[in-house]
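The next block holds one structure in the form of structure tokens; read it before the comments.
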Amino acid sequence: MPDTPASRPVAISAEGVWKVFGTDASAFRNRPPEARTPEAMARDRLVGAVRDAGFQIGRGEVFVIMGLSGSGKSTLLRCLTRLIEPSEGRILFDGQDILSLGEKPLAALRRKRMGMVFQHFALLPNRTVLGNIAFPLEMQGMDRDRAEARARELAEVVGLTGREHRFPAELSGGQQQRVGIARSLATDPEFWFLDEPFSALDPLIRADLQAEVQRLQREHTRTTIFVTHDLDEAIRLADRVAIMESGRIVQIGTPEELVTRPATDYVRRFVAKVPPARVIRVASLMTPAHEAAAGEQVSADATIAEIAPKIVAQGGPLCVLDARGRPVGSLDRQVALQTLAAVSCIPVPVAEHRGDQAR
Amino acid sequence: MADISPDILRGRRPSRRLWTGLLVAAVILALLAAAPLMPPSWRAVPDALRWPLSDWIAAGMNWLARDAAIAGVHFATVTRALATAAQWPIEALQVVLAKGWVHGAGFNKVQIAPPLSWLGVTLATALLAWRISGPGLGAMTLLAGLYLALFGLWTSAMTTLASVLLCVLAALVLGLAIGIRAHRSPGMEPAVRAVMNVMQTVPIFSYLLPTLLLFGYGPSAALFATVVYALPPMVHATVLALRSVPAETLELARMTGCSRRQTLWRVELPVALPRLAIGLNQVVMMTLNMVIIASMIGAGGLGYDVLRALRRLDFGAGFEAGMGIVALAVVLDRLTQAAARNQSVGRRRLWSRRDGLILLALLAVPTGLSLVLPALAVWPKALSLTSAPFWNAAVSFINQHFYDPLEAIRTFMLLKVMNPFRDALAALPWPIAVVLLALAGWRLGGWRVGAGIAAMAMFVVVTGYWLPATGSVYLTVLAVLVALAVGMPFGIWISARKRWHQGVQLALDTLQTLPTLVYLLPAVMLFRNGDFSALIAITSYAVAPAIRYGMDAMAHVPSERVEAAAMCGCSKWQTFRHVRLPAALPTLLLGVNQTVMMALSMLVIAALVGTRELGQVVFTALSQGQPGPGITAGLCVACIALIADALLKSGAARAARHQGEAHA
Ligand SMILES: Nc1ncnc2c1ncn2[C@@H]1O[C@H](COP(=O)(O)OP(=O)(O)OP(=O)(O)O)[C@@H](O)[C@H]1O
Ligand SMILES: [Mg+2]
């Protein structure tokens with residue numbers, strides 16, 4: 001099943017989550033399925049921001065939610081944290097249904113185990129870098145000195161040493177978001193939520209911060225839910241991607257699965273521009289074999305683009321090793337080169353490329 | 001291209017509009033001509049239609065002030081007790097700032113402790129100004145302080161300042177509390193806004209009346225009136241400020257598990273602070289204005305000096321005290337503005353611990369020295385400077401040498417323009433006026449607006465104040481026309497000259513901070529009492545928004561449209577006529593609205609120089625302590641303001657819709 005994580009214990013699981021704006025939850029729950037079609041809801045002036053979302057996120061997985069503007073990504077993320085009350089559904093964190101939690105335990109859960117990074121940073125302008133990072137700790141009642149010491153550590157982790165006493169207004173956008181990241185990690189949360197954290201930043205800084213997130217994730221693996229509308233970002237960071245279209249999750253899968261086996265035309269158009277070599281992994285192209293081939297060794301987990309120099313340099317097939325370094329197969333150079341050269345895996349029907357609509 | 005072509009395609013419309021305008025004018029003229037032929041009950045409101053509203057209000061107020069009781073406790077007892085309670089902090093502040101600690105009275109008077117020395121207060125405030133703004137404001141503060149002290153106005157100024165500080169504090173706390181509640185319960189917000197809108201249009205004197213009855217003559221009545229008057233902008237500012245806190249920031253508070261209180265104090269208020277500071281600036285300025293006016297009910301201070309001088313026709317002394325008000329107003333305004341600006345640009349760490357110590361020393365040392373050197377406590381009368389004789393001489397010089405031209409202007413305006421217009425308005429039959437107003441409202445803003453306007457106009461009719469109301473409309477309309485004719489073209493003209501913007505802005509800011517009373521002085525000095533002086537005072541008060549909106553409207557015309565016009569080969573005039581003016585129209589109409597509101601708020605103050613309209617009714621009622629007519633006439637002024645507001649706002653919204661952009 002594509003919407004369960006491969007080989008990881010489940011950390012978050014969502015079942016049949018709906019969020020409908022324009023009516024209260026109990027009124028919505030009484031609607032029969034035939035009254036929940038987009039047309040029927042539009043007739044009643046209801047906005048189905050999230051429709052019947054279900055998935056499981058594994059411990060330590062980076063789960064990216066992707067879609068066009070208005071497709072319901074932020075709403076889904078906020079349903080998971082209950083910043084927005086879902087109209088219907090079940091959301092389990094480590095098996096516990098958070099929709100049944102009372103005010104106090106919910107606040108405690110958020111304080112201790114969740115961290116969130118916001119699109120527009122949401123820094124407090126009256127606090128310095130340290131004050132902002134220490135904010136969640138102070139709200140938990142940690143004393144000033146300890147909170148400050150911890151904030152200092154985090155400022156160093158995100159590379160803000162020397163700027164601890166600046167105010168947000170005195171920082172660049174990228175630096176501000178570094179503060180936002182540090183703050184979200186101050187309580188050392190298990191679950192990390194990021195809502196389009198880099199879309200307000202320019203491309204170079206965005207790349208820096210993506211690398212920063214990858215590094216932080218390597219150093220300390222967290223269950224991460226990351227919202228973006230940037231496919232490139234999704235591919236860089238994601239273990240799995242969920243693609244949303246007007247409230248509905250249309251496909252969940254690894255970047256490679258999305259590119260090679262798009263479920264709908266919508267997904268197909270979405271991933272059309274992705275060079276296959278960036279997402280296709282050696283494991284998908286190799287021929288299994290138990291004895292080592294003669295050529296250079298590559299990891300089964302690497303993408304074709306990552307091993308491009310070796311493919312080009314090599315005369316014959318390459319030897320594929322698994323994560324523990326045992327040979328598991330061989331990669332035909334010709335196949336690899338074709339993948340490397342391909343612009344896209346799937347031809348896109350021209351008719352579906354609609355430009356500006358006629359007036 | 002796409003932006004301007006519709007205007008050119010619509011080329012035929014202006015002439016049609018012109019015809020409509022001419023038609024309406026013709027109908028009104030015909031009606032005026034036919035007025036004598038109409039039934040007499042159309043001109044004077046028949047008694048049968050009148051409600052004895054003012055009697056009811058009077059009875060109600062009297063009942064409240066004398067007989068109303070809850071559980072055996074008379075309301076009046078409560079209010080008098082409140083007044084006494086309020087007296088206490090006023091006294092305390094005055095002891096510190098103005099009078100010193102005095103024991104006994106008359107010949108037995110012994111001063112136990114001096115008030116803060118003028119030198120100390122001036123230096124300390126200048127230091128504060130320097131720190132939060134810069135040397136410029138520091139120097140200005142120093143000059144203002146010296147002016148007040150050397151011209152013998154210090155004690156009055158400190159009395160005024162004490163009231164202002166106390167009222168601001170009270171309005172701030174109450175306004176924040178109400179604003180926070182209104183923000184939290186969305187159902188309450190529209191109600192609060194409606195009440196606040198009406199409160200802001202009721203003329204300033206109408207606040208004094210009930211407080212006078214309930215709290216008695218004196219500073220504490222003034223305090224309550226002022227707080228009530230200054231509350232609406234603070235509540236409004238609080239609601240707006242809290243609403244401006246980004247949704248993400250509130251989500252942050254929830255994600256970090258903040259309690260309600262933590263959210264309010266650690267997140268919402270700090271983030272909203274820059275906007276709150278702007279609100280504070282408004283509150284300070286409104287408070288100052290009201291405190292000056294409230295001298296009439298015994299608040300004392302600089303306003304009292306001005307009034308007393310006006311009554312004695314001692315223009316020089318009045319002018320001097322007026323300039324004292326200006327000095328106080330400008331310093332208070334610049335200080336609070338600088339504080340607000342620092343908040344919004346995030347300038348911090350302006351104040352060190354050492355500064356605090358210096359400040360204390362600056363206050364303490366001269367005050368201590370004043371025990372041995374009394375000139376530091378109160379600048380001796382003998383050494384006081386005065387410019388009064390000079391101003392009096394100047395006024396008599398002008399009156400001697402320019403009497404004829406000035407008098408000619410005055411007589412011409414009165415006989416040829418003002419009186420005919422007033423008489424025409426008074427002759428307009430009220431049913432027709434009401435219908436015309438309602439029709440205009442319906443055309444501009446739909447039937448709701450029309451019905452609302454009809455209701456408000458009928459309110460004026462049934463109160464029996466129709467005739468004085470036409471007097472108010474006449475003065476307001478003329479003043480607004482003059483202000484617009486002078487202000488808007490000037491603003492539009494200035495908007496193209498970037499170099500002068502800063503200077504003009506500064507001048508406008510200063511003009512708008514001056515308390516209303518100050519505007520009367522020059523007019524009276526030149527033209528004596530009467531409608532013409534009132535017209536000049538109202539016009540000069542209302543001209544600032546006309547200029548400001550003229551500038552703003554032009555500055556915000558999308559530059560792409562202007563470029564598009566240039567590329568279409570439009571001449572300068574064509575660009576102005578077909579591109580700039582239509583785009584600026586909504587903002588210009590809002591400017592007209594502001595000008596009308598300012599004129600109306602000045603109307604009541606202008607009653608001091610003897611007009612014959614609603615303002616005069618309110619003023620007379622105040623001086624005779626009659627709540628009925630005072631409050632009723634005040635509500636009538638509010639109705640006029642609300643009618644004008646509804647008409648102009650709908651007009652602006654319509655113009656904005658035509659332009660396809662969301663102004664307003
Ligand atoms: N409070 C609300 N009331 C009504 N409709 C809402 C509300 N919040 C969101 N919506 C609607 O729900 C839909 C999904 O919104 P959402 O913010 O989740 O989209 P998004 O995918 O995050 O888009 P973006 O990339 O622009 O952030 C949109 O159509 C939006 O108009
Ligand atoms: Mg979003």
Residues of residues 273-287 of chain B contacting chain A, heavy-atom criterion under 4.5 Å, by residue number: none
Per-residue contacts, residues 234-247 of chain B versus chain A, heavy atoms under 4.5 Å: none
Region of Q119(A) that comes under 4.5 Å of a non-hydrogen atom in chain B: both
Under 3.5 Å: donor-acceptor pair, side chain of E248(B), backbone of F118(A): no
Nearest-0.5 Å distance that lies between atom CD1 in I84(A) and atom CD in E251(B): 7.0 Å
Rounded distance (nearest 0.5 Å) linking atom SG of C258(B) with atom CZ of R111(A): 7.0 Å
Those residues that, when tested against R150(A), pass side chain to side chain donor-acceptor pair (under 3.5 Å) (two or more places apart): E153(A)
Interface residues of residues 164-177 of chain B facing chain A - heavy atom cut-off under 4.5 Å: none
Residue part contacting chain B, namely of F121(A), when any heavy atom lies under 4.5 Å: backbone
Nearest atoms (heavy-atom pairs only) where P136(A) meets T256(B): CB-CG2, 3.6 Å
R144(A) atom CZ, neighbour heavy-atom count above 12 within 6.0 Å: no
Atom of L124(A), atom of R266(B) and distance for their closest heavy-atom approach: CD1-O, 4.1 Å
Nearest-0.5 Å distance, CD of residue Q140(A) to CD of residue Q262(B): 10.0 Å
Residue part contacting chain B, namely of R183(A), when any heavy atom lies under 4.5 Å: side chain
Closest-packed option against chain B by number of heavy-atom pairs under 4.5 Å, given M114(A), R78(A), E103(A): R78(A)
R580(B), CZ atom: more than 12 neighbouring heavy atoms under 6.0 Å: no
Nearest-0.5 Å distance that lies between atom CG in L83(A) and atom CE in M255(B): 5.5 Å
